[in-house]
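Right, one structure below, let's go through it.
Sequence positions, counted from 1, serve as the residue numbers for this chain. What you see below is based on every heavy atom in this structure, not just the backbone, and it leaves out hydrogens, waters and symmetry mates.
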Amino acid sequence: MKNSAQPGNPITARSATALSRWPRQINGHSMDTCHRWMEAVIYAPFAGLPCISVPAGFGPQGLPMGLQLIGKLHGDRTVLQLAQAYEGVAQDILQITPSQQAR
């Protein structure tokens, strides 16, 4: 795992919003469903690549943001190992709840 590059991308096109609402437009592009603004995460699974989402911090309103880590074809174990390693070093992020961040 130490010599393998694992790509990652944001979970959504912008930071989280309050429940029951989604952004109706992002940079002039219509978001006609609540799923449209999360399209960034569909490509790896559609391609059959292993992926996992991990917390990445908080946006300007104190709501959580995530990162999708993507592995090579049949690289499930490596993706899980990477997520476990991330969990081990990201305790400062993982211990904060959105309500604590917004304070």
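- Hydrophobic cluster membership differs between L82 and V89, with clusters built from Ile, Leu, Val, Met, Phe, Trp and Tyr side chains linked at under 4.5 angstrom.
- In this structure, NZ in K72 is found 11.5 Å from CG in L49, a value given to the nearest 0.5 Å.
- The side chain to side chain contact (heavy atoms under 4.5 Å, CB included) test with I52 is passed by exactly one of I70, L69, L67: L69.
- With values rounded to the nearest 0.5 angstrom, Q68 atom CD is found 10.0 Å from I42 atom CD1.
- Counted within 6.0 Å of CD on Q91, heavy atoms from surrounding residues, nucleotides or ligands total more than 12; the atom is thus considered enclosed.
- Closest heavy-atom contact between G75 and P50: C-CG, 3.7 Å.
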